[in-house]
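Only a predicted model underlies this, so the values are computations on that prediction, with no experimental measurement involved. Naming: A, B, ... by sequence-line order, numbering from 1 per chain.
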2 protein chains.
Amino acid sequence: MYDQLKLDNQLCFRLYTAARLVMQAYYPYFEPLGITYPQYLVLLVLWEKDGRLVNDIAHLLHLETNTVTPLLQRMEKQGLVTRKRGKEDTRQRIVSLTPQGKALEERAKEIPNCLLQKLSDKMDDINCLMASMPALDQVIEGLARQTK
Amino acid sequence: MYDQLKLDNQLCFRLYTAARLVMQAYYPYFEPLGITYPQYLVLLVLWEKDGRLVNDIAHLLHLETNTVTPLLQRMEKQGLVTRKRGKEDTRQRIVSLTPQGKALEERAKEIPNCLLQKLSDKMDDINCLMASMPALDQVIEGLARQTK
DNA sequence: TACTTTTGTATCGTGAACGATATAAATAAA
DNA sequence: TTTATTTATATCGTTCACGATACAAAAGTA
């Protein structure tokens with residue numbers, strides 16, 4: 001058994017597991033809003049700046065457009081966004097929030113705090129991870145560069 | 001726009017993105033072996049100890065059995081594992097490595113180092129994250145507790 | 001202008017991930 | 001011993017995630 005192949009030694013396994021479990025922790029709050037975690041991410045970027053192109057959203061989230069397109073189609077069907085064709089460039093899709101989509105911001109704003117409260121006994125560890133966010137960003141940037 | 005709803009402030013988005021990008025970084029190495037990242041995780045736990053039950057694997061990976069069962073079925077079809085019924089308890093499935101599954105360990109052992117080399121210019125950040133692994137484990141434990 | 005390439009999005013197929021549900025075997029209770 | 005409950009897997013339906021591919025519009029080239 002090679003040490004580098006032990007689950008206990010693998011950073012990636014932690015990231016993979018932590019990401020999934022945090023998403024699961026979000027779901028009790030998403031359910032009343034009728035959204036999923038990736039849909040929440042799309043809403044986050046649209047709440048920051050409305051009327052974006054599919055490609056912009058995909059880049060911001062480090063996703064492929066063939067992931068984002070069906071995601072947006074589902075969100076359109078649910079009445080959260082509209083997908084209008086671009087005026088000058090008719091290939092483009094301009095994704096905009098509907099009133100319902102906008103209204104969710106108010107209802108979502110407390111969710112991050114709720115999650116933190118759930119983990120109030122792990123506050124030291126959370127702070128440690130918060131402090132590592134720049135390092136995470138660097139690694140993400142390094143990995144994103146590879147695939148270019 | 002609420003600060004806590006900015007993508008830039010969200011730890012979870014980093015975890016989600018980093019986990020996906022690390023998986024993508026693995027794929028060039030997985031492709032010659034014909035496996036996926038979740039299949040690699042199953043192999044990791046079987047290389048550590050062969051002949052496990054579906055439930056044990058699921059618990060170790062923090063996955064549901066309804067995720068693991070189809071995963072193992074695909075791995076069986078590819079000839080990486082066998083799934084034999086338990087002798088005493090016939091509901092159980094004893095998952096064991098085939099010779100091919102065992103043989104992959106030798107070929108996989110250098111993969112983690114290869115990944116590290118790819119990120120050699122981000123070594124400081126990697127070390128920072130390695131140092132945060134106990135914090136990540138604590139948060140994972142905290143979140144896993146919630147869903148029980 | 002006609003042709004080629006690039007760009008923006010969409011479709012398709014496959015493998016996760018998970019909630020809900022099913023099923024059969026093992027265990028506990030009546 | 002019958003009945004009820006728990007346990008170990010499995011099946012189904014939906015949503016991601018992504019490689020491969022398609023396609024039409026836009027931009028560049030001959």
Side-chain angles (χ1 to χ4, degrees), chain A residues 13 16-28 30-31 34-42 52-59 61-78 80-81 83-95 143-144 146-147, chain B residues 13 16-28 30-31 34-42 52-59 61-78 80-81 83-95 143-144 146-147:
Chain A
F13 173 61
Y16 162 83
T17 302
R20 283 190 309 101
L21 294 183
V22 178
M23 273 194 259
Q24 287 178 32
Y26 265 107
Y27 274 85
F30 286 157
E31 205 160 278
I35 59 174
T36 64
Y37 184 72
Q39 291 174 7
Y40 171 68
L41 292 181
V42 170
R52 292 187 190 263
L53 305 183
V54 176
N55 249 329
D56 299 340
I57 298 173
H59 278 120
L61 302 184
H62 297 282
L63 289 168
E64 303 298 318
T65 62
N66 57 2
T67 298
V68 174
T69 292
L71 191 55
L72 292 171
Q73 288 170 339
R74 285 185 287 268
M75 292 177 76
E76 186 179 41
K77 203 182 293 176
Q78 294 173 244
L80 298 174
V81 300
R83 303 185 314 131
K84 297 206 188 71
R85 288 281 180 198
K87 289 272 150 85
E88 303 99 59
D89 190 334
T90 63
R91 294 169 305 177
Q92 297 179 339
R93 287 282 195 178
I94 299 161
V95 182
L143 292 166
Q146 311 277 336
T147 49
Chain B
F13 173 61
Y16 163 82
T17 303
R20 283 189 312 101
L21 294 183
V22 178
M23 273 194 259
Q24 287 178 32
Y26 265 107
Y27 273 86
F30 287 157
E31 206 160 276
I35 58 174
T36 64
Y37 184 73
Q39 290 174 9
Y40 171 69
L41 293 181
V42 170
R52 293 186 189 266
L53 304 184
V54 175
N55 249 329
D56 298 341
I57 297 171
H59 277 120
L61 303 184
H62 296 284
L63 289 168
E64 302 297 319
T65 62
N66 57 1
T67 298
V68 175
T69 292
L71 192 54
L72 292 171
Q73 288 170 339
R74 286 186 287 268
M75 292 178 77
E76 185 178 42
K77 205 182 291 177
Q78 295 173 241
L80 297 174
V81 300
R83 304 185 313 130
K84 296 205 189 71
R85 287 283 180 196
K87 290 274 150 86
E88 302 99 60
D89 190 334
T90 64
R91 293 170 305 178
Q92 297 179 339
R93 288 281 196 177
I94 300 160
V95 182
L143 291 166
Q146 309 278 333
T147 48

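The A:R93 side chain lies nearest to C:dT9 when the options are C:dA20, C:dT9, D:dA10. Of the candidates D:dC16, C:dA10, D:dT9, D:dC16 carries the atom nearest the A:P38 side chain, counting heavy atoms from C-beta on. Checking D:dA24, C:dA26, D:dG19 against the side-chain heavy atoms of B:R91 singles out C:dA26 as nearest. Comparing C:dA10, D:dG19, D:dT9 by their nearest atom to the side chain of A:Q73 picks out C:dA10. Out of D:dC18, C:dA10, D:dT15, the shortest distance to the side chain of B:Q24 is found at D:dC18. Taking every side-chain heavy atom of B:R20 into account, D:dC18 is the closest of D:dT15, C:dT9, D:dC18. Of the candidate nucleotides D:dA20, C:dA16, C:dT9, C:dT9 has the atom lying nearest to any side-chain atom of A:V54. Comparing D:dA8, D:dC18, C:dT9 by their closest approach to the side chain of A:L53 singles out C:dT9.
Using a 4.0 Å heavy-atom criterion, one finds that B:D89 contacts the sugar-phosphate atoms exclusively. When heavy atoms are screened at a 4.0 angstrom cut-off, B:T36 is found touching the sugar-phosphate backbone but no base atom. Contact annotation for A:R83: backbone-only contact, meaning every heavy-atom pair under 4.0 Å involves sugar-phosphate atoms and none involves a base. A:T90 comes within contact range of the sugar-phosphate backbone alone, with a heavy-atom separation under 4.0 Å but no base atom that close. Across all strands, B:Q78 comes closer than 4.0 Å to no nucleic acid atom at all (heavy-atom distances). At the heavy-atom level, A:Y16 lies under 4.0 Å from the strands shown only through sugar-phosphate atoms.
Map A:K87 and B:T65 each onto its nearest nucleotide of DNA chain D; the residue landing nearer the 5' end is B:T65. If you find the closest nucleotide of DNA chain C to A:Q92 and to B:M23, the one lying nearer the 5' end belongs to A:Q92. Both B:M75 and A:E31 lie near DNA chain C, and the one whose nearest nucleotide falls closer to the 5' end is B:M75.
Here the P atom of nucleotide C:dT7 and the CD atom of A:E88 are 18 Å apart, to the nearest Å. Between the CD atom of B:E76 and the C1' atom of D:dA10 there is a distance of 13 Å, rounded to whole Å. When rounded to the nearest whole Å, the span between CZ of B:R85 and C1' of D:dT7 equals 13 Å. Distance, A:L21 CG to C:dG19 P: 11 Å, rounded to whole Å.
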ask   = Taking it one step at a time, do A:Q39 and A:Q78 satisfy side chain to side chain contact (heavy atoms under 4.5 Å, CB included)?
value = CA-CA 11 Å; A:Q39 291 174 7; A:Q78 294 173 244; 3.4 Å; yes
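In this structure, B:T65 OG1 and B:L53 CG are separated by 12.0 Å, a value rounded to the nearest 0.5 Å.
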